[in-house]
Number of protein chains: 2
Amino acid sequence: MSSKAVVSKRWQGGENGLTIERLPAKESFKSKAYAALKEAITNMNIYGSSEPMLLDERDISERLGASRTPIREAVAMLEQEGLLRAVPRRGIMVVRRSKPEIIEMIEAWAALESMAARLATQRASDEAIAELRSLFKEFDLSRIERDRCDEYSTANIAFHQALIRLSGSSMLVAMTENLFFHVRAIRHRTIFEMDRAQRSAADHLEIISALEARDADRAERLVRDHTLRLARHVESHVDLD
Amino acid sequence: MSSKAVVSKRWQGGENGLTIERLPAKESFKSKAYAALKEAITNMNIYGSSEPMLLDERDISERLGASRTPIREAVAMLEQEGLLRAVPRRGIMVVRRSKPEIIEMIEAWAALESMAARLATQRASDEAIAELRSLFKEFDLSRIERDRCDEYSTANIAFHQALIRLSGSSMLVAMTENLFFHVRAIRHRTIFEMDRAQRSAADHLEIISALEARDADRAERLVRDHTLRLARHVESHVDLD
DNA sequence: TCCGGGAAATTGGCATACCAAATACCAACA
DNA sequence: TGTTGGTATTTGGTATGCCAATTTCCCGGA
């Protein structure tokens, strides 16, 4: 019985440092297909043409060298995630969000990130906040030289994601990741214009200050207003549909 | 060409009373399985036992009288939704959220609902707000007689959902629906105790007042604090795991 | 009594086949 | 020429079968 106990101890690896996670379990075609499709959708300029953008199951299964079954499962997942929509006998189409929908997403983003800011003032370490400030500096410096809209947009989203991570809430991180995915897709439509960049940078600085001052109410308000301002901007200056 | 116009007029049924909607498209086994499984999970007392709660593909397909394929697709969707988790050779298990996860969910809920309150002060009609007040009255009256915890919890969530709908944002509605699903699942663990009911009712009244006064900041703050208080309550008084 | 190892059964992933619905195509007729 | 009716083809949904990875079970040996 002593030997049994030892074996048990060895393999359950609870208190000792040995952490074995049930090895990677080489990913299935299902997950490969999921990743491939999501990647494809990401790199696709969804709002480029106004055509329906259809996908074909059999075509995809051939390209990926797999049968329809795992592809269909991946499509089902992406459908659940709101990226695809499969209508019978009409094909699988990439979902194009309407302008009101995009605005609602940005408002939800404002809600989640402002809460993240509040939580961050209470939970983030000084070091973590300092890192955010240094991230901002890098961003700002690199931005001065080049003024490509896409780069600004990417760095901008990176800043916001870093802030949200400061909250320590993986739920907030996950929920906003989904939102950013959709918002990113319309970056080409110049959501972020250069004249907004200056204002935006100033806002970011203020936000960092509020975090450093551990001022929950102020940080929350600044983040909320900053993002809601983007919503209003999109509402009046971006033309979808 | 005159005949074409007539035919066109007849079948497109624009201005005349003929409204044909592209008939219901009878739902597939996939969606039936999805609905059935979700229903089953809903009615399941997830946090009752501490055992893994496994499901079996072949068993489910037999019960539903369908093959494994549509069941697997439904499972893939529910997995994406975070309700199930399928690990190879170990079965499909209902995801049990840890206490920190539940708390993060409630915090996200607080974020989204407080934003909903803010938007509602700007967008909801007086009538809609009045309806919320009457909903509250019904709830309160019916609650006085019976003090079953579940009923209170249900009515409580109904109130919050009604408030969120006032924002007019279907995005906020959808995102919180997911959260409520998980929170509802642990209602049995007496998240909502009766001593909280009185305080809660008072809070709700205050919130309604703020909405009626169109006071965005106050409504937002009241909702946020109300829900964050629940998070703190769960943190210190509810025992999961 | 306990351990080890190998056979047998289970199970998840995937490929393939089939069917019915829906579309596209086409030819004949008005 | 345009419409109609019917046929061929496509396509999505589902069922089924196979295979390999595991797990389970069981029996012989220590």
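Chain identifiers are assigned alphabetically (A, B, ...) following the order of the sequence lines, protein sequences preceding nucleic acid strands; residue numbering begins at 1 within each chain. Not measured: the values here are computed from a predicted model.
- Backbone-only engagement by A/A66 is indicated by non-hydrogen atom pairs under 4.0 Å involving sugar-phosphate atoms exclusively.
- To the nearest angstrom, C1' of D/dA15 lies 14 Å from CD of B/E62.
- Dashed line: the shortest gap from a side-chain N or O of B/R90 to OP1 or OP2 of D/dT22 is not under 4.0 Å.
- Straight-line distance from the CG atom of B/D56 to the C1' atom of C/dG12: 10 Å, rounded to whole Å.
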I would like to know whether A/E113 and A/R224 meet side-chain contact (heavy atoms from CB on, under 4.5 Å); could you show each step before the answer? CA-CA 7 Å; A/E113 188 176 337; A/R224 168 168 37 77; over 6 Å; no
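- Residue B/I71 contributes atom CD1, which lies 14 Å from atom P of C/dG13 at whole-angstrom precision.
- Each of A/E57 and B/T69 lies near DNA chain D, and the nucleotide nearest A/E57 is the one positioned closer to the 5' end.
- Between the P atom of C/dG13 and the NZ atom of A/K32 lies a distance of 14 Å, rounded to the nearest Å.
- Surrounding CZ of B/R96 are more than 12 heavy atoms belonging to other residues, nucleotides or ligands, all under 6.0 Å away.
- Distance, B/L54 CG to C/dT11 C1': 13 Å, rounded to whole Å.
- A close approach under 4.0 Å does not occur between any side-chain nitrogen or oxygen of B/R68 and OP1 or OP2 of C/dG12.
- Atom-to-atom, CD1 of A/I60 to P of C/dA15 comes out at 14 Å; the value is rounded to the nearest Å.
- Side-chain contact of A/E104 with B/S170: a donor-acceptor pair under 3.5 Å is present, judged by distance alone.
- Residue A/R58 places its side chain closer to D/dG12 than to any other of D/dT14, D/dG12, C/dC14.
- No side-chain N or O of A/Y34 forms a donor-acceptor pair with one of A/E39 less than 3.5 Å apart.
- Counting only heavy atoms from C-beta on, A/P70 has its side chain closest to C/dC14 among C/dG12, C/dC18, C/dC14.
- Heavy atoms of other residues, nucleotides or ligands lying less than 6.0 angstrom from CZ of B/R63 number 12 at most.
- Atom CZ of A/R72 and atom C1' of C/dC14 are 14 Å apart (whole Å).
- Taking 4.0 angstrom as the limit, A/S67 places a side-chain polar atom (N or O) nearer than this to OP1 or OP2 of C/dA15.
- C/dC14 atom P lies 16 Å from atom OH of A/Y34, rounded to whole Å.
- Residue B/R89 places no side-chain atom within donor-acceptor reach of the base of D/dT23, judged by atom type and a 3.5 Å distance cut-off alone.
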